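In what follows, chains carry the letters A, B, and so on, assigned in the order in which the sequence lines appear, proteins first and then strands, with residues in each chain numbered from 1. Quick caveat, the model's predicted, so the values are computed rather than measured.
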Amino acid sequence: MTQAPAFDQLASPIQKWIRAQGWGELRPLQVRATHAILGGEADQIIAASTAGGKTEAAFLPLISQVLTTEPRLGGFDLLYIGPLKALITDQARRLAEICQETELPVVPWHGDIATSTKARALKQPAGILLITPESLEALFIRRGPEIPRLFAATKAVVIDELHTMLESERGVQLRSLLNRLDRRVGRRLRRIGLSATLGDMALAGACLHPDDPAAVGQIEVKGGGELRVQLRGYVSGGEKDQSTTDAIAGHLFQHLRGSDNLVFGGSRQSVEIYADRLRMLCESEALPQEFYPHHASLSRDHRDFVEKRLKDGRLPTTAICSSTLELGIDIGDVTCVAQIGAPFSVASLRQRLGRSGRRAGRPAILRQYAVESRLEHKASFADQLRLGLLRATAMIELLIEGWCEPPQSRALHLSTLVHQILSVVAERGGIRAAALYDLLCRQGPFRSVDKPLFVAVLRAIGHPDRALLEQASDGLLLLGRIGEKLVEHHSFYAVFQTPEEFRILHGSQELGTLPIDTILAPGMLLIFSGRRWLVQSVHSEDKVIMVTSAHAGAPPVFGGDAGQIHDRVIERMFTLLSEKDLPAWLDKTATELLQQARSNYARMPFKHGVLRLGKTTTVIATACGTVRTTSLALALRSFGYQVQQYDGFLELCGDGDPCEPLRALANGSLPDLWSGDPSLVFEKFHPWLTPELLQADALSSRLDLASLPETCRRILAAPSL
DNA sequence: GACCTGCTGCGGTTTG
């Protein structure tokens, strides 16, 4: 059977639009997507680099399908889910252009959209609805009875930036909402996922269609372009006048000036420091400004300004940014991506690099900067092993090999489960426990939650002290006193936690916000928005900090949490320590630092994976990632040791031979992980769970008790150095 | 030892 050319399968208004674009032909990705979408009913994953035309690949055939279906029923024809408001606004503009010659309305829907627009869309739902997971959540809670009317005729759900929606809290929430949507309209809505960064297409397919992952079609166009990498090493605390910060800023200034670039600073504080240095370098050379900071504490106005400058491409622009510019609206091609300090995951490094070298014939360029401290006489083992440089090197090697972290699927997500329980009860007004379990755990995303665990969660949040839920005499679950309050407030819709923030005002101008846990007092100095400021007053009630311009500054302190490094990254760091090869992309200093780390490691008298340093101090090479290393750290604490954690290593302080607890654990003895009363409240609804449930949740995601014997056996069997 | 994401409905008043 011969297939009609993709173009001929599209509806005529779409063909007209394509001709008006002056496209000679459809791209291979769009041809394949058109055949797959119009030729069957299967879910699809469309994966290609940022500028690969994924949006058109999905929507040209989907809109064609809508236009050629008769009769058109009421309700939205297509549903698009986007993780960012800015992305929704941007995509709505593009889709409105495509739909210009059709009758299809394009409806962006998020917190910044006027209520009148939403009211109109609810009255006459049609066309393409573009919405955030949170606003969809709000529709369920506020407009529960109308859901079938709104989505009865919807042909497909397009999920943009699918990789951010896999096993994250938001991803589980979205999958739960889509499952609830399917149940309400009485059929399964087809799902189309779009992404630039998917490490494992099969795992992503399992997230999209857990009942039949093999049925998910995969349309992938690999970048395959040239990648140029350099890792530059720097040593801080040296005798030279120039600080490493100045040296890196100078190098960035020299190599990035005159083109568009992204510099990922690692933390907002470091973003501010580098933006400040680069601004001063421009000033001292009497050059126009082209380096701008970009992070979430800066005002939307400032961020829009930087994004627009990058996108329009007329003036050379380098954004010094945090992960704000890792995904989101199309900012055009950048010449190079720089990363200061080791990244936390290969996946995010890959996503960042995807912003460079997207035009044909132009390489993607990654400039990695690693700072290590000068080794003093009694340097710590961690400094001697150059762990930051080692991690950056390991991650770049894995990136080049095409690997990135897979989604973690064993997590219970109990905080998100509580959220969805409250949401379903609010939507329905009341529901029986068995029906709730079916909806969320049997059919929905909480499949690792068994019945006894589910009942324990219901009991916890139904306890009179917590009062999220209560049970009527006929058994129906209803919202409790506190549950009612939580669901009523608009802050309920997001499943993730956010700290409260202070607004920073310079006169009447808002510069941005800082987390409330920052310690700031009048008279203190800070660098913010790339400039220096003096704190004039702090108003706790209005959450406002007034500042004036200053000439000298100390950087503000931002809060934060620890990241999770994957086992595979740490394993590669140990390989790097013991082998002899030197990656060609290390500069002279980085090469010296790596060789130094190797010779220092070889000189450390490790007996198997254990190094005794003095009478009470011991270093253990766990050689595994954050989850397993943290599990061992907690276990050893229960044996009375003080434990400090590093990448792939633990430093123990305490009496006795630590090999004894290691042997006991290797033989399967169960430690009391909770003896030191570790904090287990990380997520939004954790405060309403019991200690037992918090422990179960932690064991499913942040800890791995089952791995302990094997971890300890490997440490005890490691070759001695 | 870090970063990011999101947000409704109602009632009263004013204006064309």
Enquirer: Would you say the side-chain atoms of A:His413 and A:Glu683 include a donor-acceptor pair closer than 3.5 Å?
Expert: no

Enquirer: Which one of A:Phe492, A:Tyr493, A:Phe496 satisfies the ring-ring contact (aromatic ring centres under 6.0 Å, His included) criterion with A:His419?
Expert: A:Phe492

Enquirer: What's the CD-P distance between A:Gln497 and B:dT5, to the nearest Å?
Expert: 16 Å

Enquirer: Calculate the interatomic distance between A:Glu683 atom CD and B:dC4 atom C1'; express it in whole Å.
Expert: 15 Å

Enquirer: Please determine which of A:Asn261, A:Leu256, A:Ile340 meets the side-chain contact (heavy atoms from CB on, under 4.5 Å) test together with A:Arg367.
Expert: A:Leu256

Enquirer: Quickly work out the A:Leu327 CG to B:dC4 C1' distance and round it to whole Å.
Expert: 8 Å

Enquirer: Of A:Val106, A:Leu87, A:Thr55, which is the lone residue that meets side-chain contact (heavy atoms from CB on, under 4.5 Å) with A:Tyr80?
Expert: A:Leu87

Enquirer: Measure from CD on A:Glu169 to P on B:dC4 and round the result to the nearest Å.
Expert: 16 Å

Enquirer: Distance check, rounded to the nearest 0.5 Å: A:His566 atom NE2 versus A:Cys404 atom SG?
Expert: 10.0 Å

Enquirer: Atom CZ of A:Phe685 to atom C1' of B:dG6: distance rounded to whole Å?
Expert: 13 Å

Enquirer: Nearest-Å distance, NE2 (A:His294) to P (B:dC3)?
Expert: 15 Å

Enquirer: Please report, rounded to the nearest Å, how far the P atom of B:dC3 is from the CD atom of A:Gln564.
Expert: 16 Å

Enquirer: Of all heavy-atom pairs between A:Leu231 and A:Ala370, which one has the smallest distance, and what is that distance?
Expert: CD2-CB, 4.0 Å

Enquirer: Over how many whole Å does the gap from A:Lys684 atom NZ to B:dT5 atom P extend?
Expert: 16 Å

Enquirer: Enumerate all atom pairs, one protein N or O and one N or O from nucleotides 7-11 of chain B, separated by less than 3.5 Å.
Expert:
unit_1, atom_1, unit_2, atom_2, d
B:dC7, OP1, A:Gly111, N, 3.0
B:dC7, OP1, A:Thr132, OG1, 2.8
B:dC7, OP1, A:Ser135, OG, 2.7
B:dC7, OP2, A:Gly111, N, 3.0
B:dC7, O2, A:His490, O, 2.4
B:dC7, O2, A:His490, ND1, 2.5
B:dC7, O2, A:Ser491, N, 3.0
B:dT8, OP2, A:Lys118, NZ, 3.4
B:dT8, O4', A:Tyr493, OH, 3.3
B:dG9, OP1, A:Arg143, NE, 3.4

Enquirer: For A:Arg300, which contact category applies under a 4.0 Å heavy-atom criterion: base, sugar-phosphate, or nothing?
Expert: nothing

